[in-house]
2 protein chains.
Amino acid sequence: MGERYFQHSFENGLTLLGEKMPGMQSAAMTLLLPAGSSTDPVDRLGSATVLSDLVLRGAGPRDSRQLTDYLDSLGLQRSSSVGIHHTRFSAAALSEKVMQGLPVYADIVRRAHLPQVGFEAARDLALQALEGLEDDPRGKLLVKLREWHFPSPYGRSSMGRKENLEKLTVDLAKADYSRRYHARDSILAVAGNIDFARISDEIQRQFGDWNGTAPPPLEIMPPPGNFHHERQESEQTHIGIAYPSIPETHDEYYTVRLAMEVLSGGMSGRLFTEIREKRGLVYNVWAGYSSLKGQGSILGYAGTSNDRAQATLETFITELHRFSDGVTKEELDRAKTGLKAATIMQGESTSARAGAIAHDFFMRGRIRTLDEIKDAIDAVSLDRVNAYLKQNKPGPFTIVTVGPKELAIPK
Amino acid sequence: MGERYFQHSFENGLTLLGEKMPGMQSAAMTLLLPAGSSTDPVDRLGSATVLSDLVLRGAGPRDSRQLTDYLDSLGLQRSSSVGIHHTRFSAAALSEKVMQGLPVYADIVRRAHLPQVGFEAARDLALQALEGLEDDPRGKLLVKLREWHFPSPYGRSSMGRKENLEKLTVDLAKADYSRRYHARDSILAVAGNIDFARISDEIQRQFGDWNGTAPPPLEIMPPPGNFHHERQESEQTHIGIAYPSIPETHDEYYTVRLAMEVLSGGMSGRLFTEIREKRGLVYNVWAGYSSLKGQGSILGYAGTSNDRAQATLETFITELHRFSDGVTKEELDRAKTGLKAATIMQGESTSARAGAIAHDFFMRGRIRTLDEIKDAIDAVSLDRVNAYLKQNKPGPFTIVTVGPKELAIPK
């Protein structure tokens, strides 16, 4: 992998990834555990989210307060989140401090205390987050769009369900911790001012004897349907549109990514210029590629006033169909410049790179260099984009709306 | 200013600032114009926002579409926004492309076309954004808190008012453009992989003969009052608390910033641990220092379920009062580490640095180096923080709530 990249898989199934970034003082860490919402038990949706909060409430030699105080004393800027495939813990700081934080993350994922009182607080917060979604019709639309578009269990929201969260107990959380926090299929990525040999030794010491058991395969079921309206007395109507695409590992991946840039990248993107700038129909409109392991989708959103909602939906679908006529050379050139610029700028952020190499490994089983990405973008020709768009008409569509009135679905 | 920084004020009143960042391929630009919401005419609130959109719809040799296409063809990631003091245009990309974009920004601020059709679209979008605020009670709270806390005209929302936006015309927008888009008090900051001599020449050529007229002084009026409830049938209650603080230029600035870190920095901050983690009262709570020219404030927010709102407000106020008892050495040490880490990480982002040096110049009339900031943080002693907190009790409070029920204001 040369001087810049490092990759090592331990026997227990944990993979360590590294990227050395010259000129940086900071380092960033991303730890992915195979505990995403798709592996929540079917009657306990939201348990990964409760667990991701609970594990931070005391671990190893430190109680909840001591753990938080210690990580803050290192100056670690950190976050945790639950996605479809993973629970993710991230941290960034001066590189030496990130090194000092690694043993604490080993405590968190291996030796969390999971106290009763902390469990109740964590569950209450999850219930509050869910309640807050009622005041956020846009957020609610995005949750519902995934639910109605992705095959189950990928369509689940990590926020869970009220009736499921209320049935959770600390004992169930403990069983869940054993089941889903383990080395097998976990990925730890570090980027920035780092020393590969030192990190590798430290990870071996902290995580080398962590147990790992292969998770059971997921049972994939089709989504509930293609069209859904969620009635809400909101001032605006929120519209979600989705349709299937190719997976990230497909040869035509950058063909699709560049086509989506033409549709919705930058401010010259077709959706923005046609729906927002020219027709003034919406304040906010976008569409983009969304990746799950082994499958891709296009997800789109528009938020508009209730009286313009029908026209917005129709124009949005028209723009998607217009794709089959192809894109121009100027559009493709702008798309390439935009995507390459974003890639290079990502190369200047330790947090972005730690996240990117972890994602790459999960999706592809290997790290891609920035040059490889740039070359793949450059290799896409106008003919290739237009042939792809002609042969792959958008659809079938999933259309979800949140607002006071149901819309007519264009045929 | 050494090898890293550059500062030059042109005769017309425009100031150019530069920061050279070794190891970066990108550059970022921030252009601040003296066209903030505080200089909107009193009966045309929101006009700076409409103008900031309209000026991008054609300028110099390019019509609206050509302008957008050209900036996207450079791969510029850009944004514009209207704050209290300024209208801001930002762009980031490979440094060479940012250089190529500079003449376009000269067109935008000096030779915008301001077409009728673009004006109507821009005004419609501003009206839609305002309408969308009705679906966003948290956003509405933050708008109302500023309105009720800051002296007028600083408390105005850049989103404007419906009845004012409806009265705007393209001719008023044109007059506004002449009045507020000029060199006097404008600031252009560039950070990243840059060549000072070359940028300086380019700015002289593009902006050197731009006219500049000193704006009239603002008439400052007290805010409407201290307590306000905005009735909304939301699922949660949103609480805003504000009180006056010292300006950024005050000797005790970092004393206050570090005290606020103890209150609300990192995850060990008192608000987070006391109100969220221990008592589970809220999903989201924070407080922070907010800076206007010549004056500072503390602004705080909590969002919670309606039945916990009263307890949340009381606990929030109790925590603020507990400040007078001082902070511990451990709390201060963590606050220093956190603030310094954030400063160093900011030093690795060209966009963050361009924004920071522009802000510094506006507030202080000069750029501060990262080392100066770190030294100022280190110089704050525990005794100094505790003496300050003892002598400066928080208050008088402005308290604003958005939700279905009015709360009792604690005395």
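All values below come from the heavy atoms of this structure, side chains included, with hydrogens, waters and symmetry mates left out. Lettering follows sequence order; numbering is per chain, from 1.
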Stepwise side-chain contact (heavy atoms from CB on, under 4.5 Å) check, A:Met345 with B:Leu94: CA-CA 8 Å; A:Met345 312 251 286; B:Leu94 288 179; over 6 Å; no

Audit row: A:Thr304, B:Gln128, side-chain contact (heavy atoms from CB on, under 4.5 Å) steps and yes/no: CA-CA 7 Å; A:Thr304 185; B:Gln128 280 201 47; 4.0 Å; yes

Steps toward side-chain contact (heavy atoms from CB on, under 4.5 Å) verdict (A:Gln25, B:Glu348): CA-CA 8 Å; A:Gln25 294 182 268; B:Glu348 296 180 353; 3.6 Å; yes

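Taking each heavy atom of B:Leu74 and A:Thr337 in turn, the nearest pair found is C-CG2, 3.7 Å. A pairwise comparison of heavy atoms in B:Ala341 and A:Gly75 identifies CB-O, 3.6 Å as the closest pair.
For the side-chain hydrogen bond (donor to acceptor under 3.5 Å, both in side chains) test, residues two or more places apart in sequence or in another chain that qualify with A:Arg308 are A:Ser305.
With a 4.5 Å cut-off on non-hydrogen atoms, A:Glu131 touches chain B through its backbone and its side chain both. In this structure, no portion of A:Asn284 lies under 4.5 Å from any heavy atom of chain B. Residue A:Ala335: no heavy atom, backbone or side chain, is found under 4.5 Å from chain B. With a 4.5 Å cut-off on non-hydrogen atoms, A:Asp135 touches chain B through its backbone and its side chain both. For A:Leu56, no part lies near chain B; criterion is any non-hydrogen pair under 4.5 Å. For A:Ala122, no part lies near chain B; criterion is any non-hydrogen pair under 4.5 Å.
The closest side-chain heavy-atom distance from A:Asp69 to B:Arg334 is below 4.5 Å. Looking at A:Arg276 and B:Leu125, their side chains come closer than 4.5 Å, going by heavy atoms from C-beta outward.
Rounding to the nearest 0.5 Å gives a distance of 10.5 Å between CE of B:Met267 and CD of A:Gln77. Here OG of B:Ser73 is found 13.0 Å from CD of A:Glu331. Values are rounded to the nearest 0.5 Å.
Proximity of a side-chain donor or acceptor of B:Asp72 to a complementary backbone N or O of A:Gly266 within less than 3.5 Å is not detected.
Looking only at heavy-atom pairs under 4.5 Å with chain A, the residue among B:Leu339, B:Leu67, B:Thr273 that has the most is B:Thr273. Across B:Pro22, B:Ser351, B:Ser268, the residue that shares the most heavy-atom pairs under 4.5 angstrom with chain A is B:Ser268. Ranked by heavy-atom pairs under 4.5 Å with chain A, the first of B:Ala121, B:Ala93, B:Gly23 is B:Ala93. Note on A:Leu281, A:Thr350, A:Asp53: by heavy-atom pairs under 4.5 Å with chain B, the leading option is A:Leu281. Ranked by non-hydrogen atom pairs under 4.5 Å with chain B, the options A:Ser26, A:Gly118, A:Ala126, A:Gly338 are led by A:Ser26. With chain A as the partner, the residue from B:Asp136, B:Leu133, B:Val117, B:Val282 showing the most heavy-atom pairs under 4.5 Å is B:Val282.
Between A:Glu277 and B:Arg57 there is a salt bridge, since a side-chain N of the basic residue sits under 4.0 Å from a carboxylate O of the acidic one.
Of all residues in residues 231-240 of chain B, those placing a non-hydrogen atom less than 4.5 angstrom from a non-hydrogen atom of chain A are B:Ser234, B:Glu235, B:Gln236, B:His238.
In this structure, A:Tyr283 places its OH atom where only 12 or fewer heavy-atom neighbours from other residues, nucleotides or ligands lie under 6.0 Å away.
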